[in-house]
Novice: 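Shown below is the structure under consideration.
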Amino acid sequence: MVPDKRGPDVTTENVDRHYLRMPHSERGMVVGLFGGSFNPPHQGHALVVEIAIKRLGLDQLWWMVTPGNPLKSRNQLAPLAERIAESERVARDPRIKVTAFEQTFGVSYTANTLARIKARNPHVHFIWIMGADSLQTFHKWQKWQEIARTFPIAVIDRPGATLSFLSSKMARTFDFARVDEDDARVLWKKRAPAWTFIHGPRSGLSSTAIRNGSSHSDAE
């Protein structure tokens, strides 16, 4: 097992303390969890969130700015404070709570983050949200099957991923747990493992392409 590691982006300089606390939610709420390095955040992320809020009937969505992705290089990772500020500019819906509480926990792996969220909020209904492009590498995440068994998962369509998602190891392993897209609004009622694929408007914007001076890419 690979232990949690804190990457080079460990400074909380210029980060308001409220971003380092887990957002408040009320008993019975349906809350989406959307995590990423957001390096930088862009309208493609905002579109995923907009679709998720609408189709899943979310009361809140936690936009979780992570310390860094263990599967990606951190050489070009912008400071945490900068990624939070840019996320706030992109995430305009008042139901969206931009947060970086993972930095306080010192964790980099989603499985550990979700376990802490579940332990601290036993009466809240959470849904893990991910872009379809992430589904291809999901089986490389630490304890990926444990993630799938923690909360229901909503996979939101992304350019270049519509047809390939069914061949992913996650989709094949948990084929029995797939929920029809028409039932996405009651996904929160399902006991994990449960997941659905949601089609909708797609944006070709990519954080990688933006950093490289381009605007579109099917790779991210």
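Side-chain atoms are counted along with the backbone in the values below, which use heavy atoms only and exclude waters and symmetry mates.
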Novice: Taking the side chain as every heavy atom from C-beta outward, state whether Val98 and Val65 have any pair of such atoms under 4.5 Å apart.
Specialist: yes

Novice: Rounded to the nearest 0.5 Å, how far does NZ of Lys143 lie from OG1 of Thr150?
Specialist: 9.5 Å

Novice: With a 6.0 Å cut-off on the ring centroids, do Trp62 and Phe126 count as close?
Specialist: yes

Novice: Is a side-chain donor or acceptor of Asn121 paired with a backbone partner of Ile117 at a separation under 3.5 angstrom?
Specialist: yes

Novice: Which of parallel (below 30°), tilted (30 to 60°) and perpendicular (above 60°) describes Phe101 and Phe105?
Specialist: perpendicular

Novice: Taking atom CE of Met170 and atom OG1 of Thr137, what is their separation to the nearest 0.5 Å?
Specialist: 12.0 Å

Novice: State plainly whether the residues Glu102 and Arg116 are in salt-bridge range, i.e. N to O under 4.0 Å.
Specialist: no

Novice: Heavy atoms only: give me the nearest Leu61-Ala52 pair and the separation to one decimal.
Specialist: CD1-CB, 4.4 Å

Novice: With side chains defined as the heavy atoms from C-beta onward, is the minimum distance between Lys169 and Lys140 less than 4.5 Å?
Specialist: no

Novice: Donor-acceptor pair, Glu88 side chain versus Lys97 backbone, under 3.5 Å?
Specialist: no

Novice: Taking Arg172 for its side chain and Ser167 for its backbone only, find out whether a donor-acceptor pair lies under 3.5 Å.
Specialist: yes

Novice: Which heavy atom in Ala192 sits nearest to a heavy atom in Ala148, and how many Å separate them?
Specialist: CB-O, 3.6 Å

Novice: Evaluate Glu82 against Asn14 for side-chain contact (heavy atoms from CB on, under 4.5 Å), listing each step before the verdict.
Specialist: CA-CA 9 Å; Glu82 180 179 321; Asn14 299 322; over 6 Å; no

Novice: Between the main-chain N or O of Ala78 and the side-chain N or O of Arg83, is there a donor-acceptor pair closer than 3.5 Å?
Specialist: yes

Novice: Mind checking the CD1-CE spacing from Ile147 to Met130? Nearest 0.5 Å is all I need.
Specialist: 8.0 Å

Novice: With side-chain contact (heavy atoms from CB on, under 4.5 Å) as the test, would you mind laying out the steps for Met29 and Gln60 before giving the verdict?
Specialist: CA-CA 8 Å; Met29 274 188 170; Gln60 276 186 10; 3.8 Å; yes

Novice: I'd like to know if the side chain of Asp59 and the backbone of Val30 have a donor-acceptor N/O pair within less than 3.5 Å.
Specialist: yes

Novice: So do the side chains of Lys190 and Trp188 get within less than 4.5 Å of each other, counting heavy atoms only?
Specialist: no

Novice: Side chains of Leu58 and Val31: does their closest heavy-atom pair fall under 4.5 Å?
Specialist: no

Novice: Determine whether the aromatic ring centres of Phe34 and Trp128 lie less than 6.0 Å apart.
Specialist: no

Novice: For residues Asp157 and Ile198, determine if any side-chain heavy atom of one lies less than 4.5 Å from a side-chain heavy atom of the other.
Specialist: no

Novice: Are any non-hydrogen side-chain atoms of His45 and Val48 less than 4.5 angstrom apart?
Specialist: no

Novice: Hey, does Glu86 have a side-chain heavy atom less than 4.5 Å from the side chain of Phe38?
Specialist: no

Novice: Identify the heavy atoms of Val90 and Ala46 that sit nearest to each other, and give their distance.
Specialist: CG1-CB, 3.6 Å

Novice: Starting at CD1 of Ile53, measure out to CD1 of Ile129 and round the result to the nearest 0.5 Å.
Specialist: 7.5 Å

Novice: Roughly how far apart are His125 NE2 and Ser25 OG, rounded to 0.5 Å?
Specialist: 10.5 Å

Novice: Tell me yes or no: between the side chains of Gln142 and Trp144, is some donor less than 3.5 Å from an acceptor?
Specialist: no

Novice: Regarding Trp63 and Ser87, do their side chains bring together a donor and an acceptor under 3.5 Å, going by distance alone?
Specialist: yes

Novice: Verify side-chain contact (heavy atoms from CB on, under 4.5 Å) between Leu20 and Gln103, making sure each step is shown before the conclusion.
Specialist: CA-CA 7 Å; Leu20 303 177; Gln103 181 71 23; 4.3 Å; yes

Novice: What closest approach, in Å, do Ala132 and Val155 show between heavy atoms, and which atom pair accounts for it?
Specialist: CA-CG1, 3.5 Å

Novice: Of the options Thr99, Leu114, Ile153, Ile127, which is the one that meets Leu33 in a side chain to side chain contact (heavy atoms under 4.5 Å, CB included)?
Specialist: Leu114

Novice: Starting at CD1 of Ile156, measure out to CD1 of Ile51 and round the result to the nearest 0.5 Å.
Specialist: 6.0 Å

Novice: Do Arg178 and Thr196 have side chains that get closer than 4.5 Å, going by heavy atoms?
Specialist: no

Novice: Without swapping roles, check the side chain of Trp195 against the backbone of Phe174 for a donor-acceptor pair under 3.5 Å.
Specialist: yes

